[in-house]
There are 2 protein chains.
Amino acid sequence: MLSNACKYAIRSILYLSIYSDKTNKIGVKKIAEELETPQPFLAKLLQQLTKNKLVSSTKGPNGGFYLSDENRENSIWDIVENIDGVKKFNQCFLGLSKCEDANPCPVHYIAAPFKNKILSDFRDKSIARFTSEIIDTNKVLSLKDYDALKLD
Amino acid sequence: MLSNACKYAIRSILYLSIYSDKTNKIGVKKIAEELETPQPFLAKLLQQLTKNKLVSSTKGPNGGFYLSDENRENSIWDIVENIDGVKKFNQCFLGLSKCEDANPCPVHYIAAPFKNKILSDFRDKSIARFTSEIIDTNKVLSLKDYDALKLD
DNA sequence: CAAAAAAAAGATATTTTTATCTTGAATTAT
DNA sequence: ATAATTCAAGATAAAAATATCTTTTTTTTG
């Protein structure tokens, strides 16, 4: 459904949303370690996300990546669009080119409600809101993170 | 969630379940045309499925692929296991290595019920039963197929 | 039996995804 | 200013998924 790249991107942004701000930037190395993702690959992703205004960055000592208030107004869906494109997400679970209510594949009525739920979760909430719900309901972004939150 | 290969395989077997039997075998060419899948790729897949007893075949004139009664006792899940393996299917929607109720990713409680529903649909029904439900509820396996069913 | 048909097998090719490496540019702290 | 730090950019590499091609084997029909 989502590529690795997209999963990394989503988790990175949520991570930055929780742990960074203008005065507390985080380097790729740290992010990659915390989320247990391949570092150079993540660097490329963050580069792309920065170019597309989903993430902010500054160079130099104490530089790194962070989410600005504007960045936090975006949605998870914006990330998906940016990395995978919407096409991939909308594809039929069994690969039919035009699976819909009128000519549903054998699992259409199971898959469609799920997709709609995910979609509204991804599209209708800002990163800011999404993040506060993560914190409120004790969700995790990585196993390392999980332990960290537990110890808080 | 499922690879193209796996989607092709599932649709092929359902197609064979509907349209073939011991006395009415269908060649790759026909199947690939009907399902709108790449022919040589599908040939390889059917070869593998045949070797693993999920599909039956005979060579020579009037030969081709078909589903035996034994083949129909398998489940869709058997196909998934055979082509993609279970790992892929069970992976966390956001890529966490151990996403579960105890340490859920941000969309775990949306994704998990969906996966369970699909899983029980795939695992707890025989191909035979799955197929009869497809016919009863007018599901489709391809757009060509859709038209064919409409005209029946 | 010969020829044709169709799958089986194995080799190869292409594309996409994932990942890494190297060099350059910007920023900041000293 | 300068050195250290960190991201940016571009090139390259490796792996996986997708797709094709060629040859062989089996079967059937004429």
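By convention in this document, chain letters (A, B, ...) are assigned in the order of the sequence lines, proteins followed by strands, and residues within each chain are numbered from 1. As a basis for the values below, the full set of heavy atoms in this structure was taken, side chains included, without hydrogen atoms, waters or symmetry mates.
- Atom pair Q91(A):CD and dA17(D):C1' shows a separation of 14 Å (rounding to whole Å applied).
- One atom, CD1 of I26(A), and another, P of dT5(D), lie 19 Å apart when rounded to the nearest Å.
- At a cut-off of 3.5 Å, with distance as the only test, no side-chain donor of H108(B) or N103(B) sits close to an acceptor on the other residue.
- dA8(C) atom P lies 12 Å from atom CG of L45(B), rounded to whole Å.
- Look at CG on L2(A): it is 11 Å from P on dT18(C), rounded to the nearest Å.
- Nucleotide dA9(C) holds its P atom 5 Å from the CD atom of Q47(B), rounded to whole Å.
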Decide yes or no on side-chain contact (heavy atoms from CB on, under 4.5 Å) for L67(B) and V55(B), but give the supporting numbers first. CA-CA 5 Å; L67(B) 283 207; V55(B) 166; 4.0 Å; yes

Base, backbone or nothing for each nucleotide of nucleotides 18-30 of chain D, written B, S, -, heavy atoms under 4.0 angstrom, 5' to 3'? BBB----BBBBS-

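- Residues passing the salt bridge (Lys or Arg N to Asp or Glu O under 4.0 Å) test with D121(B), sequence neighbours excluded: K125(B).
- For residues 29-52 of chain A, the pairs satisfying ring-ring contact (aromatic ring centres under 6.0 Å, His included) are Y8(A)-F41(A), with sequence neighbours left out.
- At whole-Å resolution of the value, NZ in K29(B) and P in dA6(C) are 9 Å apart.
- Contacts classified as ring-ring contact (aromatic ring centres under 6.0 Å, His included) and involving residues 111-135 of chain A (residues at least two apart or in different chains) are given here: F114(A)-F93(B), F114(A)-F114(B).
- In this structure, the CZ atom of F65(A) is 14 Å from the P atom of dT27(C), given to the nearest Å.
- Evaluation of the salt bridge (Lys or Arg N to Asp or Glu O under 4.0 Å) rule for R129(A) yields E133(A) as partners, not counting sequence neighbours.
- The side chain to side chain contact (heavy atoms under 4.5 Å, CB included) test applied to K22(A) returns Y66(A), D69(A), not counting sequence neighbours.
- Rounded to 10 degrees, the angle separating the terminal helix axes of the helix from dC1(C)-dG30(D) to dT30(C)-dA1(D), each built from five base pairs, is 0°.
- For the pair L46(B) CG and dA8(C) C1', the computed distance is 12 Å after rounding to whole Å.
- Taking the side chain to side chain contact (heavy atoms under 4.5 Å, CB included) definition, one finds that K59(A) meets it with nothing, sequence neighbours left out.
- For S3(A), the side-chain hydrogen bond (donor to acceptor under 3.5 Å, both in side chains) partners at least two apart in sequence or on another chain are D84(A).
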